[in-house]
Each structure stands twice: as C-alpha cells, then as structure tokens.
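Numbers for residues simply follow the sequence, beginning at 1. We count ligands from 1, going down the list as the structure has it; atoms in each ligand are counted the same way.
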Amino acid sequence: MLDLRRQYDSIAAEVLEAVGRVCASQQYILGAEVETLERELAAYCGVQDAVGCASGTDALWLALAAIGVQPGDQVLTTPFSFFASASSIARIGARPVFADIDPRTFNLDAAKVAAFLRAAPNNKLRALLPVHLYGQCADMDSFQDLADEFHLQVIEDAAQAIGASWQTTPKRMRPAGSMGSAAAFSFYPTKNLSAYGEAGLITTNDPDLANHLRRLRNHGSPRRYLHEEFGWNSRLDAMQAAVLRVKLKHIEDWNRARRDRALFYDRLFAESGLTAESGFESTAPIQLPFTLPPAHHVFHQYVIRAYRRDELRKFLSARKIGTEIYYPVPLHLQPCFVYLGYRQGDLPEAERAAREVLALPMFPELKEEEQRWVVTSIADFYC
Ligand SMILES: Cc1ncc(COP(=O)(O)O)c(C=O)c1O
C-alpha cells in the first residue's frame, strides 16, 4: 500500500544532516528550525502565516478555538473523513453537524450544505469545515459564497492536500490552505509531506489569528509564565521541522509523481475494460476517481468504487496487494456521535461510499510493474 523506505533511501543523507543540525543546536522544541519551516510553508501555501503544532488533529482544534468557536456552537463538516475532522469540533465543546457528500468526489456537497442552511435558518452554526479528501480540494468557491451569505467562517481540513489547489477563475489558482480563515495540515508519516513522528500546522492570512494560535499552542502564553487564557501543549519539535524542511524541497516532484501514477492507473483500467468512462454514472464493476475541473488533485489516495468491494479486497490481499478502506464507518454513525441523533439512511451517499470505496497502492516511488500487477489482479477477480 505504501513503502516509506523507498522515499527514505532517496533522502537519507539530507535527513541525517538536518537531524544532526538540530542535535548540534540543542534547541529541540520550537525555535529557529520551526520558525523557518513556518515561513517556508507559508510561502509554499501562498499565505501570510503558518503555525506549527503537534498534529493535524491539534491543528483543527487550535484553528476552531482561535476563530472563537464556543461550547454550544455548531460546526458543519463532512460525514466522510478521518475521525478528527469531527472530533475536533466536539472537543472544543461545539456540536458537529453533517451534510452529505458529492458522490463523484467524496467531498462535502455544497448544494446539500446550502439546503441545510436554508432549511434551518435559526441554527447555531459558526463555521463550515470542508475537508479536501484524498488530495482534491472541496468546492471552495461555493463554500466561500455560503459562508459570506450566512456569516460563517471557513476552516479547511487540508490534512490530505498539501500542494493541491482550486482554480477560482481561469487566472487564479488558490493553494489548499489559503482559502479559509485558517487551514489545518497533518504531517502524519503517511501524508504526502510527512514527518518522522507526529506534526501538524495551521495556515492563515490573518496575523492576529496567527499570534493567537501561537499562544494557544503554548499554554495560552504570550511570554514565559504569563497565561492570558487556557491553551495546550501542542508545540512542534525541531527534529520534525528539520525533517519536514528537507522533504518540502521534494514535495512538488513527489506530488507530480503521484499524479503521473494516477494517470497511469486510469490508462491501465481503461485498457482493462473494467470501467466505462470514468465518473459517476458508470455501471462498470469499478469506477475511477473523478476530478472536478477546477481541482488540481495531488492524489494522497487513489480511491476507486468497487462492486463486491470486500471480496475484491480479500482477493488482492491473497496476492499480497495492500489496499485500504478510507473510511468504513461514516462519522455520523460512529458510536461516540450517537448523541447527535443521526440514523442509518440519513446521509446515503456517505454511507454508500463507506461500502464501496477502495484505496489502491499510491506513493511517488510506486513502480509501473507494480501498478500493472494491481490492475491485472483486479481484472482477474472480475473475469
Ligand atoms: C482529513 C484528516 N483530518 C485530520 C487528520 C488528523 O491529522 P493527525 O493524524 O496528524 O492528527 C487526518 C490525518 O490523519 C486527516 O486525514
């Protein structure tokens, strides 16, 4: 599914040099290495500021706190994402609200969000939290329009989408992380840009928000032993920052390699006859990933819909082909969210996606013959 060793082998000398630099500096938490990473990532994402923190989960939590989400507020997100997209809302004391997904992209469906907002004008919604799932931006123009109309803030969950972008006009590409009031990134080891441990980051164009985030990640402390509010220990360590700085130099090449591999899968599947036109209406046994025209997709995952998905997965596993299901249980049906009152059938597209999706091996160093073997094996299963 993912072989991190191949990437490490290609950058080992650079990484070891960077780690050595941190050890020589004896500055292990925050400090110059983290500040430099923050500047470099802000520039990469086209924003004014970036604030490193301990994980993508904390990045979401800190962003919600910094924009002022309070207990009793509501925040609307997708039911089809990693748990943290919704748990961060609950941890701040607010109530997650879910709208269904677009079945083509698996991202939060702006039309369904609009329907919710118009049907429940007296809601306590403070923010929208779209997720750029699998490396493809959600429809940020529509979410921004809705946020303007209903006086909401937008927090992007960009955990899976570093380097992705969304084309707002023919001349304007906006990077993931630059479109909301703030955006959360994760550098979990499997991500496109990944640390050698836990790490996260928040981006924003608002300098006051950035300063607030810097305090919140460090016990609400503007300077040593002065605490103006409650924050957390969510500092980024210098070792992770140093590793991320090495990898940031390669991210464009790695994302390009992911896109090339996605195109190659598309081609192999088209030749296999397993799929008709890629897209949503197909009745073929598998449906390929669908990219909306404004989206520059960075293929954190290459996710198909598959008929008899679970049997196919077992078949591939017997051939030692790793696959994953992101995500088998939609968030509105997670046991810990029973109190929200959602039932099976409430968000049918998210529920269908949970039954049908299958992520295939995808990483920049994946070899052509490995991709051919994956597609041949899937063809063998259906033939
Ligand atoms: C969409 C999404 N949001 C949030 C997170 C949380 O990030 P982390 O694992 O760094 O806490 C992840 C990653 O796992 C994710 O995929």
Please tabulate, one line per pair, the protein N or O atoms found under 3.5 Å from any N or O atom of ligand 1, giving the distance to one decimal.
unit_1, atom_1, unit_2, atom_2, d
ligand 1, 3 (N), Asp157, OD1, 3.2
ligand 1, 3 (N), Asp157, OD2, 2.8
ligand 1, 7 (O), Ser186, OG, 3.3
ligand 1, 10 (O), Gly56, N, 2.8
ligand 1, 10 (O), Ser186, OG, 2.7
ligand 1, 11 (O), Gly56, N, 3.3
ligand 1, 11 (O), Thr57, N, 2.8
ligand 1, 11 (O), Thr57, OG1, 2.5
ligand 1, 14 (O), Lys191, NZ, 3.0
ligand 1, 16 (O), Gln160, NE2, 2.9
ligand 1, 16 (O), Lys191, NZ, 3.4

Q | Lys/Arg N to Asp/Glu carboxylate O, Asp260 vs Arg256, below 4.0 Å | A |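 Arg256 and Asp260: not salt-bridged.
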
Q. Taking 4.0 angstrom as the limit, do Glu311 and Lys314 come out as a salt bridge?
A.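 Looking at Glu311 and Lys314, the cut-off is not met.
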
Q. Nearest 0.5 Å, what's the CZ-CG distance between Arg261 and Leu366?
A.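 Answer rounded to 0.5 Å: 6.5 Å.
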
Q. Which word best sums up how the rings of Tyr327 and Phe82 line up, parallel for under 30°, tilted for 30 to 60°, or perpendicular for over 60°?
A.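 Tilted.
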
Q) Who passes side-chain contact (heavy atoms from CB on, under 4.5 Å) against Thr57, sequence neighbours left out? A)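 Per chain and number, Thr57 pairs via side-chain contact (heavy atoms from CB on, under 4.5 Å) with Ser55, Ala84.
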
Q: Answer yes or no: are there more than 12 heavy-atom neighbours, outside Phe230 itself, under 6.0 Å from its atom CZ?
A: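 At most 12 heavy atoms, drawn from other residues, nucleotides or ligands, come within 6.0 Å of this atom.
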
